[in-house]
Amino acid sequence: AICRFYVNTQCDVRLKVYTDTGFSMFESEKISDVPPGLNSIEWPCRGVRTGLYIGVLEGSESKSRRLLRERFYFIVAAPR
């Protein structure tokens, strides 16, 4: 699955995925110097069951060392 996101300023980005009960399922490598605009991160979702998941996209600016987090929810519908 691909997670698409938009950033306003150049930053480092990391995607984290959790189950609906809060267990960590996936954490991407830190992607450095992501340019402003529409970007994407691949999430290897093989073997993932149908259900609700929590995603956290973290962005950090290297100049200000400020860390921003955006939480989002998504549903995976596995084919039968």
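Side chains are part of it too, since the values below use all heavy atoms of this structure and drop only hydrogens, waters and symmetry mates.
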*In chain order, what residues pass the side-chain hydrogen bond (donor to acceptor under 3.5 Å, both in side chains) check against E61, with sequence neighbours excluded?*
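Only T9, S64 meet the side-chain hydrogen bond (donor to acceptor under 3.5 Å, both in side chains) criterion with E61.
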*Does T19 have any side-chain hydrogen bond (donor to acceptor under 3.5 Å, both in side chains) partners at least two apart in sequence or in another chain, and if so, which?*
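So T19 forms a side-chain hydrogen bond (donor to acceptor under 3.5 Å, both in side chains) with T21.
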_Restricting to non-hydrogen atoms, name the atom on F72 and the atom on L15 that form the minimum distance, rounded to 0.1 Å._
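Heavy atoms only, the tightest pair is CZ-CD1, 3.9 Å.
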Hydrophobic cluster membership, [X] vs [Y], 4.5 Å side-chain cutoff:
{"X": "L67", "Y": "Y18", "value": "no"}
{"X": "I2", "Y": "V17", "value": "no"}
{"X": "I54", "Y": "V48", "value": "no"}
{"X": "L52", "Y": "F26", "value": "no"}

How far does [atom1] of [X] sit from [atom2] of [Y], to the nearest 0.5 angstrom?
{"X": "S28", "Y": "L57", "atom1": "OG", "atom2": "CG", "answer": "8.0 Å"}
{"X": "D20", "Y": "Y53", "atom1": "CG", "atom2": "OH", "answer": "8.0 Å"}
{"X": "E58", "Y": "E27", "atom1": "CD", "atom2": "CD", "answer": "7.0 Å"}
{"X": "R69", "Y": "K16", "atom1": "CZ", "atom2": "NZ", "answer": "6.0 Å"}

List, one per line, each side-chain donor-acceptor pair under 3.5 Å for residues 29-44, sequence neighbours excluded.
{"residue": "D33", "atom": "OD1", "partner": "Q10", "partner atom": "NE2", "Å": "3.4"}
{"residue": "N39", "atom": "ND2", "partner": "P35", "partner atom": "O", "Å": "3.1"}
{"residue": "N39", "atom": "ND2", "partner": "G37", "partner atom": "O", "Å": "2.9"}

*Under 3.5 Å, is there a donor-acceptor pair between the side chain of S60 and the main chain of R65?*
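No; judged by distance alone, with no hydrogens or angles, the pair does not exist.
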*Decide side chain to side chain contact (heavy atoms under 4.5 Å, CB included) for C3 and F74; before the verdict, give the C-alpha distance in whole Å, the side-chain angles of both, and the deciding distance to 0.1 Å.*
CA-CA 10 Å; C3 175; F74 60 99; over 6 Å; no
